[in-house]
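This report concerns only the one structure given below.
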Amino acid sequence: MLATNIDDLPTVYNAKETEEDIYKFWEDNGFFKADAKSPKKPYSIVIPPPNVTGVLHMGHALDETLQDILIRYHRMSGYEALWVPGTDHAGIATQNVVEKKLREQGLTRQEVGRDRFLEMTWEWANEHKSRILDQCKRLGASFDRSRERFTFDKGCSEAVKEVFVRLYEKGLIYKGAYIVNWCPRCQSAISDVETEYETEKGHLWEISYPLKGESGAIIVATTRPETIFGDVAIAVHPTDHKYSELVGKTVVVPLTGREIPIIADEYVDKTFGTGAVKITPAHDPNDFEVGKRHGFEPIWVIDEQGRMKACGEVPPELHGLDRYEAREKIIGMLEYNHFLLRVREHEHNVGKCQRCGTTIEPLLSEQWFVKMKPLAKEAIAAVKDGRIKFIPERWEKNYLGWMENIRDWCISRQLWWGHQIPAYHNKLTGEMVVAKENPDPSVWEQETDVLDTWFSSGLWPFSTLGWPNTDSEDFKKFYPTTTLVTGFDIIFFWVARMITMGLEFTGKAPFSTVYIHGLIRDEKGQKMSKSKGNTIDPVVIIDKYGCDALRFTMTSLCTYGGQDIKISDERFEYGRNFANKIWNASRFVLMNLDGVDNNDIDFSKLTIADKWILDKLNNVAKEVNANIENYRIGETAHVLYDFFWNSYCDWYVEIAKVQLQDSDIKLNTQRVLRYVLDMSLRLLHPIMPHITERVWQLIPKKSEFKAIMLADYPVYQDQLSFPTEAKEMELVFETIKSLRNVRQSFNIPMGLKFNITIHATNEEKPVFEAIESYIKRMAKVEEISYADVDVPVAKKSATAVVSASKIVIPLENLIDFNEEIARQEKKLGKLQNEKKSLEGRINNPKFVANAPADLIQQTKSRIEEIEIQENSINELITSLKA
RNA sequence: GGGUGUUUAGCUCAGUUGGUAGAGCGUCUCCCUUACAAGGAGAGGGUCGGGGGUUCAAGUCCCUCAACACCCACCA
């Protein structure tokens, strides 16, 4: 149990013991549950579903924190806020994990069989499904667990079938034989976006193909000699004079003796290699196109495992050999037979499987595709006409560029873990139908391929809200969602597809704003990865520094431009220290409230300092609201940090200590202290939910809200605006700062109080009188006396020029006058520089003609102010020198 | 080959419509002042990557160069 007695609160904030209890308090009270029947305006976010295979990492921590900030802010601002949590079945990734476990037992999925394998994967998924969302609780995530979903649950599966059938019926899904990116390890096709290219050092082999029936040969350059058996032609550029006489002739493929023609095709680059290229339509996407144009039948020579195919085209001694072993062997064979003329080092890009890193084998195979061009139209329009806005805006360009050049999406995967394609083959006739249900299982059997995992994620914003049942309460209330928060790395994978599908099936953009944040990197700016061993575990950080510290630190590092965020363990001290500051300032206030349980401030009794802090708070509220609305989350953190620490703690709380001594204004000061703390906590709550809730619960109050997370978010109020007093307080700060400066400069110990004389102007004197008590306490001043501003200052003294007045500290025995002269000259120098530059402006007629009036006025008055101070300082220096 | 981002204090980075640069950490002084040493007070530190241009005025807009990072394309 957390302590409730103020005197029992530790002097160091204990995040660990607080956070668990507070989260439980929220959850037990059902505060995260959204009400679809609420009359309030909806605000909804669907979580980018983490993979069931995953453990919480820093990327999630940031993503979830930002969503939680938006949700909590809107919940407090009068919206019915719904955050839908859930996980992704992550087809390949999950299957790989389960297969790996099998392999550890010496088994393959084929040995286990499809049904048993799926059973095992479901078991595994069910065990892990909630794990990551449970971990998100450590982040303080206020999502509605009663609405938790899974991309492979019944509802999502219904949505998938519905979408598939409708797209098929519309002619937007087709099946066909094309070159796809094939992962020999995953044993499946993967899509273009799942293929990552890496630069690798390889070789460029020049191979001689002898002409048939005459002497001579054509030299071909290739990086993949093992595909030689699949060659159907040699291509040269139509305008390449080197080869013009050879086009139409026949050559003999080395090592097989097969005869193939030399053809001309524009695809060939005259300047690369030898200018002649072998055409292997079954194993290269470009060659496939060339082959199609010229009407060649592709020849398969590499199988799905990446091994040489046991077919007539391939010499028997190579059958079943791995593609790289075969390559070595073939090189040897070519060399032995004098077909190999030259080898060169060659750097080129090689496609890798995003999931397992295996080199992709472009393979001709029968797959299912979605025609993207027709769907992309609306998805492009929705972004162009502003129905969907990207923050930061530049990602729009990125999205549009991709969408405008979109290619068909290969959606079939030769996996077992995933949504089985709802197509059925007639065992007798071979006929195929696409339907949500099997027409007759005794005659029809379902397609064995499953769908790309992103197919179901693409439906996430509406499948989670009840679609295809468009009458569901959640769908009606919360769709379309408001904001999507994610990293830029999945704009193509996910965001683009949600937009496409959402528009096609609901007629509405699935969200109006896409908030893209940066990626988390290590302190050197490198991507965090398990293999590099540079990951930072958010749970470890939370244990060490606290969740709110983690959230605050990360939030403060978010920039409007969405830059990547570099972190290291020590950086989180920033947030922890701030949490501790909040804790201790709160303790002070709580210890001094004497049970004051309301914010009923008596406006007639407000001091200048009270008005200043209220004015400041008011402006902060205004700024914070605007910042959050505009996704300036980092700025929000900075503004609140600065206000709470530098204004409230460093100045107002210190001033309040003075005011609390005055029985006349004690109660009102307590109310101001309480009010500003209350509002500060509310303002901070979306970013630092636990500590703010914890402290807020400790503030004596009549029941108003049950929790700070349900309290009203502060907004700007006219009656709390005190610009005049806010300005006058500058005098307090300047005075106290100058006096402290003098004290430090002359090494006057804090224990030694001194008297001062203020040579004040008539305007400023009343203000000084009003703030005397603050000056006395905060600058350790004994007595304050006044003199006219024109009266010469006492000779043996240090002087601070503040605004138009002078503050004189008689320090006969304490100061070295040369030092004081130097100190004043330094200040004078600064002022003179400033004046010089300002005068340069004001004396420029073009400036006076063009600059805005208020700036000119401002410049003039600043010059006047400087002149007054200059005069004072000059006088001082003269008198010191005398 | 196209595109985007970055370059500001010793370090890590902020800086919304152009109006003489800010924070955190670190450094140097001083301080256990009854909320906080994870703290308080004071100080020092930058010709805003180079060059050019627009403007009365440029860290901010335009051009150019350089370095670094990333994305897309995929010449065998």
Once you apply a heavy-atom cut-off of 4.0 Å, does V268(A) come out as touching a base, just sugar-phosphate, or nothing?
base
Rounding to the closest angstrom, what is the interatomic distance between G15(B) and U8(B) at atom C1'?
9 Å
For N646(A), check side-chain contact (heavy atoms from CB on, under 4.5 Å) against everything at least two apart and list the hits.
D642(A), D650(A)
Would you kindly compare K657(A) and R841(A) by the position of their nearest RNA chain B nucleotide and give the one closer to the 5′ end?
R841(A)
So what does P285(A) hit on the nucleic acid, given a heavy-atom distance under 4.0 Å: a base, only sugar-phosphate, or nothing?
nothing
Checking all strands, does S837(A) fall into the base, sugar-phosphate, or nothing category for heavy-atom contacts under 4.0 angstrom?
base
5' precedence on RNA chain B between G525(A) and T271(A) (nearest-nucleotide basis)
G525(A)
Among residues at least two apart in sequence or on other chains, which ones pass side chain to side chain donor-acceptor pair (under 3.5 Å) with N14(A)?
none
Under-4.0 Å side-chain N/O to phosphate OP1/OP2 contact, R521(A) with G5(B)
no
Without decimals, in angstroms, what is the distance between F643(A) CZ and G22(B) P?
21 Å
Looking for any heavy atom pair under 4.0 Å, which part of the strands does N850(A) touch: base, sugar-phosphate only, or nothing?
base
Between Y560(A) and Y631(A), is the gap from one ring center to the other below 6.0 Å?
no
Enumerate the residues from residues 193-209 of chain A whose closest heavy atom to RNA chain B is under 4.0 Å, giving them by residue number; use none for an empty result.
Y197(A)
For G40(B) versus G26(B), give the span between their P atoms, rounded off to a whole number of Å.
13 Å
Between H348(A) (NE2) and C74(B) (C1'), how many Å, whole number?
12 Å
Which part of the nucleic acid does F492(A) contact within heavy-atom distance under 4.0 Å: base, sugar-phosphate only, or nothing?
sugar-phosphate
Short side-chain to backbone donor-acceptor contact, Q563(A) and G518(A), under 3.5 Å
no
Partner set under side chain to side chain donor-acceptor pair (under 3.5 Å) for D287(A), not counting sequence neighbours:
none
Contacts under 3.5 angstrom, residues 346-354 of chain A side chains, donor-acceptor by atom type, not counting sequence neighbours:
{"unit_1": "N349(A)", "atom_1": "OD1", "unit_2": "T199(A)", "atom_2": "OG1", "d": "2.9"}
{"unit_1": "K352(A)", "atom_1": "NZ", "unit_2": "E200(A)", "atom_2": "OE2", "d": "2.7"}
{"unit_1": "K352(A)", "atom_1": "NZ", "unit_2": "T359(A)", "atom_2": "OG1", "d": "3.1"}

If I pick the P atom on G5(B) and the same atom on C61(B), what distance separates them, to the nearest angstrom?
11 Å
When the distance from CD1 of I863(A) to C1' of U20(B) is rounded to whole Å, what number comes out?
12 Å
Can you tell me, in whole Å, how much space there is between the C1' of G24(B) and that of U60(B)?
23 Å
Any side-chain heavy-atom pair of I613(A) and F643(A) under 4.5 Å:
yes
Side chain of L838(A) - closest among C74(B), G19(B), U20(B)
U20(B)
Who passes side-chain contact (heavy atoms from CB on, under 4.5 Å) against N627(A), sequence neighbours left out?
E623(A), R632(A), E635(A), T636(A), V639(A)
Nearest-angstrom distance, P atom, A76(B) to G1(B)
14 Å
Which of T18(A), N580(A), D548(A) passes side-chain contact (heavy atoms from CB on, under 4.5 Å) with I691(A)? Answer is D548(A)
Which residue pairs satisfy the salt bridge (Lys or Arg N to Asp or Glu O under 4.0 Å) criterion with at least one member in residues 551-568 of chain A, sequence neighbours excluded?
D68(A)-R551(A), R521(A)-D564(A)
Is the side chain of W645(A) donor-acceptor paired with the backbone N or O of I582(A) at a distance under 3.5 Å, no angle test?
no
K830(A): partners by side chain to side chain donor-acceptor pair (under 3.5 Å), with sequence neighbours left out:
none
How is the base pairing of RNA chain B summarised as a dot-bracket string, given the Watson-Crick and G-U wobble criteria with both distances under 3.5 Å, [ ] for crossing and | for another strand?
(((((((..((((.....[..)))).(((((.......))))).....(((((..]....))))))))))))....
Pairs flagged by salt bridge (Lys or Arg N to Asp or Glu O under 4.0 Å) wherever residues 834-845 of chain A is involved - sequence neighbours left out:
E834(A)-R862(A), K835(A)-E839(A), K835(A)-E867(A), K835(A)-E870(A)
Where protein sits on nucleotides 37-48 of chain B, one letter per nucleotide: B base, S sugar-phosphate only, - none, heavy atoms under 4.0 Å
-BSSBSSS----
Nearest-angstrom distance from the residue atom CG of L855(A) to P of U17(B):
17 Å
What about N349(A), does its side chain sit under 3.5 Å from the base of C74(B) through a donor-acceptor pair?
yes
Base, sugar-phosphate or nothing for H346(A)? Non-hydrogen atoms, less than 4.0 Å.
sugar-phosphate
Are side-chain heavy atoms of M58(A) and I567(A) found at a separation under 4.5 Å?
yes
Whole-Å distance, K527(A) NZ to C68(B) C1', equals 17 Å
Take atom P in A41(B) and the same atom in A58(B), then report the distance between them in whole Å.
37 Å
Of the listed nucleotides C36(B), A76(B), G19(B), the one nearest the side chain of A221(A)
A76(B)
Between C1' on A69(B) and CD1 on I565(A), what's the gap in Å once rounded to a whole number?
16 Å
Between C13(B) and C63(B), how far is it from one C1' atom to the other, in whole Å?
28 Å
In whole angstrom, give the distance that lies between atom CD1 of I691(A) and atom P of A35(B).
18 Å
Using the ring pair (Phe, Tyr, Trp, His ring centres under 6.0 Å) rule, pick out the option among F390(A), W402(A), Y515(A), F488(A) that qualifies with W395(A).
F488(A)
Taking all atoms of both residues into account, what is the closest heavy-atom pair of A549(A) and F572(A), and its distance?
CB-O, 4.1 Å
Just by distance, with hydrogens left out, do T227(A) and K278(A) show a side-chain donor and acceptor under 3.5 Å apart?
yes
Nucleotide-resolved protein contact map, nucleotides 10-15 of chain B, B/S/- at heavy-atom distance under 4.0 Å
--BSS-
In terms of side-chain heavy atoms of Y574(A), which of C56(B), G24(B), G19(B) is nearest?
G24(B)
Rounding to the closest angstrom, what is the interatomic distance between C32(B) and A69(B) at atom C1'?
48 Å
Length of the line joining N844(A):CG and G19(B):P, which is rounded to integer Å
18 Å
May I ask you to say what R407(A) touches in the nucleic acid, namely base, sugar-phosphate or nothing, with a heavy-atom cut-off under 4.0 Å?
sugar-phosphate
